[in-house]
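Order of the sequence lines sets the chain letters (A, B, ...), proteins ahead of strands, with each chain counted from 1. The figures that follow rest on heavy atoms only: side chains count, while hydrogens, waters and symmetry mates do not. Fair warning: this is a prediction, and the values are worked out from it, not measured in the lab.
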2 protein chains.
Amino acid sequence: MTITQLRYVLAVAEHQNFTKAAEKTFVTQPTLSMQIQKLEEELAILIFDRSKKPIELTEVGKKLVQQARNIVNESERIQDIVDQQKGYIGGEFKLGVIPTVMPTLLPMFLHNFIKKYPKVKLKIEELTTEAIIERLHDGHLDAAIAATPLQNESIKERVLYYEPFVGYIPPSHRLNQKKKIDVADLDIDDMLLLEDGHCFRDGIVNLCKTQKSYDEDHFQLESGSFETLVKLSNEGLGMTLLPYLHTLDINDKEKSNLHFFNEPSPAREVSLIYHKSELKMQIIEALHTTIAGIVKGAITFQNVEIISPIAKIKSD
Amino acid sequence: MTITQLRYVLAVAEHQNFTKAAEKTFVTQPTLSMQIQKLEEELAILIFDRSKKPIELTEVGKKLVQQARNIVNESERIQDIVDQQKGYIGGEFKLGVIPTVMPTLLPMFLHNFIKKYPKVKLKIEELTTEAIIERLHDGHLDAAIAATPLQNESIKERVLYYEPFVGYIPPSHRLNQKKKIDVADLDIDDMLLLEDGHCFRDGIVNLCKTQKSYDEDHFQLESGSFETLVKLSNEGLGMTLLPYLHTLDINDKEKSNLHFFNEPSPAREVSLIYHKSELKMQIIEALHTTIAGIVKGAITFQNVEIISPIAKIKSD
DNA sequence: TATTCTTAATAAGTTTTATCGATAGCTTTT
DNA sequence: AAAAGCTATCGATAAAACTTATTAAGAATA
C-alpha cells in the first residue's frame, strides 16, 4: 500500500470514472486501473463495484476511502510542518467566501495580503455556507469566510470581526421618522431580504445575494453586490438591512436613509473557518492576522448582539 | 514521500542507529541511508543530525517523526478495516500484563481465547504499568491489562472486573482475632507489600511482584507469583493483602488465614487498556468479551470501593 | 440488429526506483 | 596505531510504476 495508491482511489471515488480521475491525477488510465487492482489484491477486497455504471464504491470501499482521505491529509501535513519550520508561507490556497461578505471585505484585505505573502497563490470562490462546509470536508477548500457560529463538529472557527446590521429605510417607510431603530420594530412584511446567507433566528429572515464578475492576476473570483437591494428599497418596496461594511460605500443621498439600531445592535459574527485537521495553518494564521488587523479599524461598535443561523449570543 | 520512507525514519529515530534500524526493517543499511536522504531532499530539510553520536533528530525531525508515526498508524488501520469487514480476527497481537494480574488471570482465559481465535498470535509480556503506558504510546504493545483508572489522555480503558482485596493474616498477627477487617485497621508497619503495581492512595502502599518463567506453543510470557509474600507472612513478618483471585489457589491450611474486609471491600479495577487510536479493535473486543465473560463467574462481590493509583471511586 | 461510443482491462515495452553487495571514509574504542 | 563501528557512496540488478496501443464489454444510437 502506498500513499499514491490511496490518492488514486480517492480520485476514482470522487469522479466515479477512471478516465477522469486519471486526468486529475496526471497519469494515464491504465496506471490507475493497475495500481488500484494491485491495492485490491494486496488487501484481498474489491474497492469498486465495476459492474455499476457509473462505477460505485463497495461497502468496504466506502470505509477505506474515509481512512484513505485521512491518511492523505495527514501526509500532506508533513509539508506543512516543514514550511512552518522554515517560516515559509506559500503555495496554493483555496478560500471560500459567502456572497454577503465577498464585495465588502475582499477589497479591504486582498491587496494587502498578496503584497505581504506573494508566494501564496490565493484562489477565492464565492460559495454558499452549505457549499463551503461540504468543500471544507472533502478538501476542495482550505478555508473560508462565513457567518458563525456554525456548530459543526469538524470545522474550527476563528472570529474575524462582529459586523452590526444597519437599517436602510427609504423616506416612504413607516420607520423613517425614528432616528434609531430597534429589532422589535422590524416586520418581515415590509422588509427586503436576500435568499442566501444567515438569518435572524426569530422569524426575521435571511440576507444577501446578486451576481457580478471580477478577475485579476493573482486570484480568481465571482462576486455579488447589495446595490440591487438598495435600489429596490428606493423604489418603495420596503426597508432592508445592510451589514455595516456595506454601508461604507453607499452614496451620500442614500446615506441619509441609514438608521442604526439602538444598542445592543444586532450583528453577525464573521469568522475564518477551516477543517479541524488544521492543514495549512500558517496561511490560515496569516489570513486571520491580516484581515482582523485591517477590519479592526473599520468597525468600532462596542455593544452588539450576535445573530446567527444557530443561536443568539451576547457579546460586548 | 512514501509510507515506507516514513517507516524507515521511525526506525532510525527509535534505534538512533541506521544499521540496527535496517535490521529491524529487514532491509540493508544503504537502503535506509538512501531513502531517508531522498525524503530529506524532497522536503529540503535535515531530519537527522548525523554529526552527533549516536545520531539525533533535528528540531524539524522531531515534529516530522510525530506526524510520521501518526501516518503509519493510520495506514495500518486500513488492514483493520478490511479485517473487520471480513469478520477476520487474526494476526500478531502484543498484550502487556501487569505482574499482579499475570499469574491468576492468564490461566483463566488464555486457553479459551486461543481456542476461540486460533488465527491470533498472542504475544504476552509482563510489564509494569509505566512500561505498558510507554509501549502503548510507541506502538510496541497493542493492548494491556492493568489496574485503572489511569487518567491518561491518550489511553482508553475498558473495565474487565473489580477485584476485592483480601487480608492474609498469620496467627501471630494482632488482627488475627478479627473475623472481618476494615481498611482503618491496616498499619503499614506490620504489612508486607510488593514494590510494583498500583497502590492504596492514603498512605497504605503497593502490591506485587516476583519472577517465574513460562512458555508455550501459541504465546510467550514471563510471569511472577505471590507465594513468596505469603511465605514471608507465615514467618511472622506481618500480614499482607492479596487480590481476590490470588486467594483461590492457596492451600487449605493457609486459607484459614484469609480475612475478608467488611463491605464495602477495597478493590481494584482491572481493565483492558489500549491506545486511543483504536488499532486492532476487533482483537481488543474479542479479548474483552472472552475475559469479562470468564471472570464474571469468579468474582461475585457486590459492594466494593475501588482503590487506584489516581483516586478513590465508589462503586456497587 | 448492427454499429458506434464509452470506458475499463490487458499487453508489451520503457523508465524509474528500490534494494543489494561491496567498499570507502569518518569517528570512536581499544 | 590498529581495530571496530557507522554511515555514505558506487555500480548493478530486480522490481515497480508508468506509457502507448489494443482489446473487451456494456451502453447508446442508428
Side-chain angles (χ1 to χ4, degrees), chain A residues 1-58 60-62 64-65 68 71-72 75-76 78-79, chain B residues 1-58 60-62 64-65 68 71-72 75-76 78-79:
Chain A
M1 179 181 62
T2 67
I3 296 174
T4 308
Q5 286 172 343
L6 298 179
R7 281 185 205 281
Y8 293 164
V9 169
L10 289 184
V12 174
E14 180 176 354
H15 298 100
Q16 300 198 317
N17 177 315
F18 276 70
T19 315
K20 274 182 201 142
E23 283 169 28
K24 296 288 177 181
T25 48
F26 307 108
V27 290
T28 58
Q29 168 266 316
T31 302
L32 281 196
S33 280
M34 290 180 71
Q35 287 305 313
I36 288 176
Q37 275 180 51
K38 231 179 100 181
L39 180 60
E40 288 180 320
E41 197 176 335
E42 178 186 334
L43 299 174
I45 52 163
L46 280 181
I47 299 171
F48 295 100
D49 180 348
R50 293 156 172 88
S51 70
K52 303 277 179 55
K53 307 279 156 155
I55 222 161
E56 265 179 34
L57 282 166
T58 60
V60 226
K62 285 178 195 163
L64 183 134
V65 159
I71 293 171
V72 170
S75 76
E76 279 169 4
I78 286 205
Q79 188 60 55
Chain B
M1 180 180 60
T2 67
I3 296 174
T4 307
Q5 286 172 342
L6 297 180
R7 280 184 205 280
Y8 292 164
V9 169
L10 289 184
V12 174
E14 180 177 352
H15 298 100
Q16 300 200 318
N17 178 316
F18 276 70
T19 314
K20 273 182 201 145
E23 284 170 29
K24 297 287 177 182
T25 48
F26 306 108
V27 291
T28 58
Q29 167 266 316
T31 302
L32 282 197
S33 280
M34 291 188 73
Q35 287 306 311
I36 289 177
Q37 275 178 52
K38 232 179 100 183
L39 181 60
E40 288 179 321
E41 198 176 334
E42 179 186 336
L43 300 174
I45 53 162
L46 278 180
I47 300 171
F48 295 101
D49 180 348
R50 294 158 172 85
S51 69
K52 303 276 180 55
K53 308 281 158 157
I55 224 162
E56 266 180 33
L57 283 165
T58 60
V60 226
K62 286 178 196 165
L64 182 134
V65 159
I71 294 170
V72 169
S75 75
E76 279 169 3
I78 287 209
Q79 187 60 57

Decide side-chain contact (heavy atoms from CB on, under 4.5 Å) for Val12(B) and Thr25(B); before the verdict, give the C-alpha distance in whole Å, the side-chain angles of both, and the deciding distance to 0.1 Å.
-> CA-CA 10 Å; Val12(B) 174; Thr25(B) 48; over 6 Å; no
For Phe48(B), answer base if it contacts any base atom (sugar-phosphate contacts may also be present), sugar-phosphate if it contacts only those atoms, and nothing otherwise; contact means non-hydrogen atoms under 4.0 Å.
->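 Here Phe48(B) touches no strand at all.
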Should Phe48(B) and Leu57(B) be marked as a side-chain contact (heavy atoms from CB on, under 4.5 Å) after you check the CA-CA gap, both sets of side-chain angles, and the distance that decides it?
-> CA-CA 4 Å; Phe48(B) 295 101; Leu57(B) 283 165; 3.4 Å; yes
Donor + acceptor pair across side chains of Gln29(A), Ser33(A) (<3.5 Å) = yes
Just how far, in rounded Å, is [atom2] of [N] from [atom1] of [X]?
X        : N       : atom1 : atom2 : value
Leu6(A)  : dA17(D) : CG    : C1'   : 16 Å
Leu46(A) : dA8(C)  : CG    : P     : 15 Å
Asp49(B) : dT7(D)  : CG    : P     : 13 Å
Gln16(A) : dA8(C)  : CD    : P     : 11 Å
Gln37(A) : dA17(D) : CD    : P     : 13 Å
Gln35(A) : dT17(C) : CD    : P     : 14 Å
Ile55(A) : dT7(C)  : CD1   : P     : 11 Å
Leu39(A) : dA16(D) : CG    : C1'   : 15 Å

Just wondering, more than 12 heavy atoms not from Met34(A) lying within 6.0 Å of its CE?
-> no
Taking only the side-chain nitrogens and oxygens of [X], find out if one of them lies under 4.0 Å from OP1 or OP2 of [N].
X        : N      : result
Thr19(A) : dT6(C) : no
Asn17(B) : dG5(D) : no
Arg50(B) : dC6(D) : no

Validation row: Ile71(A), Ile71(B) side chains within 4.5 angstrom (heavy atoms) =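 Result yes, sub-4.5 Å side-chain heavy-atom pair found.
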Close N or O pairs between protein and nucleotides 19-28 of chain D (under 3.5 Å):
from    : atom 1 : to       : atom 2 : distance (Å)
dT19(D) : OP2    : Thr28(A) : N      : 2.9
dT19(D) : OP2    : Thr28(A) : OG1    : 2.8
dT19(D) : OP2    : Thr31(A) : OG1    : 2.7

List the atom of Thr58(A), the atom of Asp49(A), and the distance in Å for their closest heavy-atom pair.
-> CG2-N, 3.9 Å
Where do Ile36(A) and Phe18(A) land on the side-chain contact (heavy atoms from CB on, under 4.5 Å) test, with the steps shown first?
-> CA-CA 10 Å; Ile36(A) 288 176; Phe18(A) 276 70; 4.0 Å; yes
